[in-house]
Amino acid sequence: MTRELSPQYDPATVERAIYARWVDAGVFTAHDARSLRAGGDRPPFTIVIPPPNVTAVLHMGHGLNNTVQDVIIRWRRMAGDEALWVPGTDHAGIATQNIVERQLAKEGTTRFDLGREAFVERTARFVEETGGVILQQLRAIGASCDWTRTAYTLSPELSRAVREAFVRLYEAGLIYKGHRVIHWCPRCLTSLSDEEAEHEDTTGALYYINYPLVGDGAPGSITVATTRPETMLGDVAVAVNPEDERYKALIGRRVRLPIADIEIPIIADEYTDPSFGTGVVKITPAHDPNDFEVGVRHHLPMPVVIDAEGRMAEVTDAAGRVPPVLRGADRFEAREQIVEMLKDAGVLAKVEQHQHAVRHCYRCGTVVEPRLSDQWFVKMAPLAKPALDAVRDGTIRIMPERWEAVYTNWLENIRDWNISRQLWWGHRIPVWYCEACGGEPIVSRDDLAGCPTCGGPVRQDEDVLDTWFSSWLWPISTLGWPNDCAPDLEAFYPTDVLVTAPEILFFWVARMIMAGYFFVGKAPFHTVYLTGVVRDMQHRKMSKSLGNGIDPLDVVQLFGADALRYTMISGLGLGTDVMLDPNNLEQSFAPGRNFTTKLWNIGRFLLGNVGEATVLPLSAIDRSRFTRADEWVLERLDLAIQECNAALGPARPDDTTWAEWERHTGLRLMEYTEAVRRFVWDELAAWYLESTKPRLAADAPNADDRDVARAVLVHVFDMALRLLHPVVPFITEELWQQLPERTEGGFLATACWPEVHGARSERAHEFELVRDAVSALRQIKAEYNIPIGKSVPAVLVAATSSARAVATEEAPLIGFLARASVTVAAEPPAGAAAHALLANGVQLIVPLAGAIDIEKECGRLSGELAQLEKQLAGLEQRLNNPNFVTRAKPEVVEGERHKLREWSARREQLRNKVTALCGA
RNA sequence: GGUCGCGUAGCUCAGCCGGUUAGAGCGCUGGUCUCACAUACCAGAGGUCCGGGGUUCGAGUCCCUGCGCGACCACCA
């Protein structure tokens, strides 16, 4: 039966079916027993997905990130590893809760109306019904996840891990309850970690306010500078630097706080910078982390004047501070009002524009309010130590390298992690309080019904844990921890590569490393691969709010998942951003679409021309039967395999740490892709495939040679498909399945990675002569406007006997490729009108006698000669320089000498030709 | 404010340890519907490697400096 492919590749019909077949065959399912660590014979290779928010829908960032992971995991799967890619989702505390709250708002109700239990239930239902969409979408882009291991941070299993982690840390003295100023989001009504409160440069104002001096001593006032006048109601002191001569005399005196109309002391504290503002700081311990520290040092009261919703209020210990007119006012409105009041009182000295960074909630963008409260913290310094060492000593490498500095810098200055959130959606903190006994909180792995000491009623802590408190356990919890004997943990932990965006390096990556060491004693992975960001043509990050996003599924529908993947990967320098134009998908994804089309057409040609007769394995063919083209393409294939392997690099360190030389090599996906592209397109398709056409023709004179060509063609294409599969899995699988001699049931996805075959003969090199001759012929034809399709007579002048021999043998092929009838001569034909110069001893091509414009040809050749002379001059100068000869590396000098010989010979030929052709 | 990175063809970027005539994709120009492919093929144009110093026999590559961008971190109110 003659195989035939549709003229047009239709990804839509192909991709869905192939994905289903992969899944049905269990191609993506990893088996713990096959792992070397569990007594099997395959090295395990594991990637855990950065779990997307359970409510997320696929965007380009996911597309990029997950394609990178899929390329890597497919490569390792083919390379013979027991490859596991663990998928899953994150319950995403704040984000998900916000969505459901917005729904409730639309219904005119709130979570408080609903009550905690009902709200959590409703959110869980919402997640169950609509969540996990993104996991379906990942299938559409070809992600080869092991879906039998899909995890969810709020599942019973992972929740158990979360609780175990909390208890162990508590028992180790690394979790404590702290009373301090934390970042508070007045919209989400929860505290945030330092990482969740993002700095944003803002133009604000610096207000200079006079606080009148009171009591004994000279009258007058002291001027403070503040960006947040509304917090002055919570002032408990003003501070100056003890060394500041201007204010030394005032230390210990008191000032009257305007508006609040109370007296507060002037204190001395190092924290005050004399060079900023007036050198006087108002101290508001409840609403500023620095002021809080000052307050602690000086045993000052800490009145709270802004409530949880960001409104002015006398919350605690603040009697008489907030005037009735301001009570309940939003903090920013209150600021305006207070400024007016200060103006009226004549104590506002001046207002200056001021650039400063204001922290915002990373989920809703609201300006964060520093607020005094009780929160649970993780003591980070002890956890950071091994995580820091791991990157320093090369147990873990971060790519691109520059992020290692960012990582170590953060860990060196690590601060304790606020892990409690005043939310309802998440893992409830496993702490109970006994009303009867009072005092110590009870931390427990199991839910408590009563007090273990007195049996009295207990009340669980109201707060839930930071979402990232479950995320940081992801590599261990998804593999079965805290069960230390879990088969997956044994077989697949530590994992190998972690692929993610740099923006969650601290949120997630660093903390996973800490958790890996603390809970299991081993780093969770050896490589962190940080991707770039997907941007539009104005270099703006793609985002929903800007409306400049591209829906990956649109691209899949238009051009196929492979086109999407190829486009992203081929344009992806290590750690660089990817620019795509949302307004011109056609052009943006042209590289991928064009490449898949090319592949398809190679397949069509091959299947249409190879025929149905048995195709021999390469090993069954005696080497002497290979043509120069065969030898050449096999050599190029070897080179491509080598280049791919070099670009992809070592899969894992040889030892427990990366050797210095390999630490920053590998995972160059762009270079890998480019290496195969060049082989497939520029070499296989452009030259080899063309060269086989006469050999494959049904009426080819030599049936034996036809078999050789068929065998080589199928072999080379097979290997190319293997090399390409990680990048473009669908179309390669589809084509591979159609190859002759394919046994049923096998998949390219699990076929083995190509190996370098070995040294080829000199004949491979001789094929270059064919290519050069054809190129020169085409060039001349183009220059003289001879239609490509029109066959012209041409003479190849081969100066050396060996070149003459090759040219003579290959003359039919050269003629076929260049559309010319080629004869070979030792000397330029007498009276020949034009000459072209070639390497390898083939020197002259004479197209159609009489069609040559002598003057034009002379001009061209003279230009070429002048250029060559110039280059030769430079080369000679270098070689005549004794310093170069003695100091440069021997191989470099030898290379230059070789070049000099070649160029000199070429100059000689050119000169002769110019003389012959143009006289002078 | 601290730390780091970037500036190479019209655009997006490769160019490792300094050493062939600085490359690719897209775009552009001219020509081809050549029996796998016009989503293609053939030929071609296009670069003072941001400016200025320096080290070196030799610098896109190393050092200094200026200009222009960007990222991350940050308790100067």
Side-chain angles (χ1 to χ4, degrees), chain A residues 5 7-9 181 199 206 224-228 231 239 271-273 275-278 280-284 288-293 354 356-357 370 400 402-403 405-406 409-410 413 502-503 505-506 533 537 539 559 563 567 570-573 575-581 586-588 590-591 593-609 664-665 668 670-671 674 677-678 685-686 689-690 693 697 775 778-783 785 787-790 819 867-868 870-871 874-875 877-878 881-889 891-893 895-896 898-899 902-903:
Chain A
L5 296 177
Q8 290 258 323
Y9 175 54
V181 171
H199 286 283
L206 193 55
V224 302
T226 180
T227 55
R228 304 195 53 205
T231 63
Y271 154 68
T272 310
D273 177 357
S275 65
F276 185 88
T278 58
V280 185
V281 192
K282 58 192 263 319
I283 300 299
T284 321
D288 185 288
N290 302 307
D291 293 6
F292 173 77
E293 296 300 327
H354 183 63
H356 61 148
R402 65 187 130 92
W403 288 103
V406 176
N409 185 52
W410 184 74
N413 300 296
E503 59 193 21
L505 183 59
F506 306 140
V533 174
M537 299 320 275
H539 295 195
F559 313 117
T567 300
S570 67
L572 184 72
T576 61
D577 295 344
V578 178
M579 313 293 168
L580 294 168
D581 187 353
E586 186 88 11
Q587 186 176 325
S588 288
R593 184 201 51 179
N594 294 357
F595 185 70
T596 50
T597 304
K598 190 55 158 180
L599 259 188
W600 188 252
N601 280 303
I602 296 173
R604 285 185 64 209
F605 171 84
L606 188 141
L607 296 174
N609 287 277
H664 299 111
T665 63
R668 265 43 175 203
M670 183 175 74
E671 290 168 32
E674 172 57 18
R677 185 205 65 80
R678 200 181 50 233
L689 194 143
E690 288 297 326
K693 283 179 179 174
S775 290
R778 286 173 177 164
Q779 208 171 322
I780 298 266
K781 282 176 81 173
E783 214 161 318
N785 291 319
I788 291 166
K790 179 172 177 174
R819 300 293 129 90
Q867 174 77 14
L868 189 62
K870 214 172 106 187
Q871 284 156 2
L875 195 56
Q877 198 182 0
R878 196 179 312 165
N881 183 333
N883 282 319
F884 172 69
V885 179
T886 52
R887 293 190 203 178
K889 283 186 216 151
E891 62 265 30
V892 172
V893 178
E896 299 288 86
H898 179 74
K899 192 163 59 177
E902 276 194 351
W903 290 7

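Every heavy atom of this structure was used, including side-chain atoms; hydrogens, water molecules and symmetry mates were not. Proteins come first, then strands; the chains are lettered A, B, ... in the order of their sequence lines, and each starts at number 1.
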Checking N1-N3 plus N6-O4 or O6-N4 for Watson-Crick, or N1-O2 and O6-N3 for wobble, each under 3.5 Å, the partner of B:G60 is none
Given the C1' atoms of B:G46 and B:G58, what is the spacing between them in whole Å? 27 Å
- Report yes if at least one side-chain N or O of A:His356 is closer than 4.0 Å to OP1 or OP2 of B:C75; otherwise report no. no
**Asked** Base, sugar-phosphate, or nothing for A:Thr576, non-hydrogen atoms under 4.0 angstrom?
**Response** sugar-phosphate
A:Phe292 atom CZ is separated from B:C75 atom C1', nearest whole Å, by 13 Å
Determine the Euclidean distance between corresponding P atoms of B:A59 and B:A77; express it in Å to zero decimal places. 48 Å
Query raised in the report: Going through the distances and angles, do A:Gln587 and A:Asp581 end up as a side-chain contact (heavy atoms from CB on, under 4.5 Å)?
Result: CA-CA 8 Å; A:Gln587 186 176 325; A:Asp581 187 353; over 6 Å; no
Checking N1-N3 plus N6-O4 or O6-N4 for Watson-Crick, or N1-O2 and O6-N3 for wobble, each under 3.5 Å, the partner of B:C35 is none
Check: When you compare B:U21 with B:G68, how far apart are their P atoms, in angstrom units rounded to a whole number?
Finding: 36 Å
**Asked** Taking side chain as C-beta onward, heavy atoms only, is A:Phe595 less than 4.5 Å from A:Arg677?
**Response** yes
To the nearest angstrom, the CG-P distance between A:Asn413 and B:C4 comes to 14 Å
Exercise. When you compare B:C26 with B:C69, how far apart are their C1' atoms, in angstrom units rounded to a whole number?
Worked result: 23 Å
Winner on side-chain proximity to A:Arg402, out of B:C76, B:G5, B:C73, is B:G5
**Request:** Indicate, with a heavy-atom threshold strictly under 4.0 Å, whether A:Pro289 touches base, sugar-phosphate, or nothing.
**Result:** nothing
Q.
Applying a 4.0 Å non-hydrogen cut-off, can you work out what A:Ala357 is touching in the nucleic acid: base, sugar-phosphate, or nothing?
A. base
Heavy-atom side-chain proximity of A:Lys282 to A:Thr231 below 4.5 angstrom:
yes
Once you apply a heavy-atom cut-off of 4.0 Å, does A:Ala225 come out as touching a base, just sugar-phosphate, or nothing? base
Whole-Å distance, A:Trp403 CH2 to B:C6 P, equals 13 Å
In 5'-to-3' order, the base (B), backbone-only (S) or no-contact (-) status of each nucleotide in nucleotides 35-43 of chain B, using a 4.0 angstrom heavy-atom cut-off, is -BB-BSSSS
Which of B:C72, B:C75, B:A77 is nearest the side chain of A:His199? It is B:C75
A:Asp581 CG to B:G25 C1', in whole Å, measures 16 Å
By the Watson-Crick or G-U definition, both distances under 3.5 Å, B:C6 is matched with B:G68
Exercise for the section: Test side-chain hydrogen bond (donor to acceptor under 3.5 Å, both in side chains) on A:Lys598 and A:Thr596 and set out the steps. Expected result: CA-CA 5 Å; A:Lys598 190 55 158 180; A:Thr596 50; over 6 Å; no
| request: Can you tell me, in whole Å, how much space there is between the C1' of B:G60 and that of B:G18? | output: 10 Å
* Please tell me if the side chains of A:Gln8 and A:Trp600 come closer than 4.5 Å, counting only heavy atoms from C-beta onward. => no
Any strand, both distances under 3.5 Å, Watson-Crick or G-U wobble: B:A24 pairs with B:U12
When rounded to whole Å, the NZ to C1' distance for the pair A:Lys282 and B:C75 reads 14 Å
Of the candidates B:A77, B:A24, B:C57, the side chain of A:Phe884 sits closest to B:C57
A:Glu586 atom CD is separated from B:C26 atom P, nearest whole Å, by 13 Å
Is it true that A:His356 and A:Phe276 have ring centroids separated by less than 6.0 Å? no
*Min side-chain heavy-atom separation A:Arg593-A:Glu586 under 4.5 Å*: yes
From CD1 of A:Ile283 across to C1' of B:C76 the rounded distance in Å is 12 Å
Beyond-backbone contact of A:Thr567 with A:Leu580, side-chain heavy atoms, under 4.5 angstrom:
yes
How about A:Tyr9 and A:Asn601: do any of their side-chain heavy atoms sit closer than 4.5 Å?
no
### Query
Base, sugar-phosphate, or nothing for A:Val281, non-hydrogen atoms under 4.0 angstrom?
base
Whole-Å P distance, B:G23 and B:C16:
14 Å
(Q) Taking B:A14 as the reference, what is the distance to B:C41 when you measure between their C1' atoms (whole Å, please)? (A) 26 Å
Review point. Reckon A:His354 touches a base, only the sugar-phosphate, or nothing at all at heavy-atom distances under 4.0 Å?
Key: sugar-phosphate
Taking a pair to mean Watson-Crick or G-U wobble geometry with both distances below 3.5 Å, B:G1 pairs with B:C73
Check your understanding: Say you pick atom C1' in B:U12 and the same atom in B:G47; how far apart are they, in whole Å?
Key -> 16 Å
Side chains of A:Trp403 and A:Val406, heavy atoms from C-beta outward: is any pair under 4.5 Å? yes
Between CD of A:Gln587 and P of B:G27 the distance, given in whole Å, is 6 Å
Residue pair A:Glu671/A:Phe506 against RNA chain B: nearer the 5' end by closest nucleotide is A:Glu671
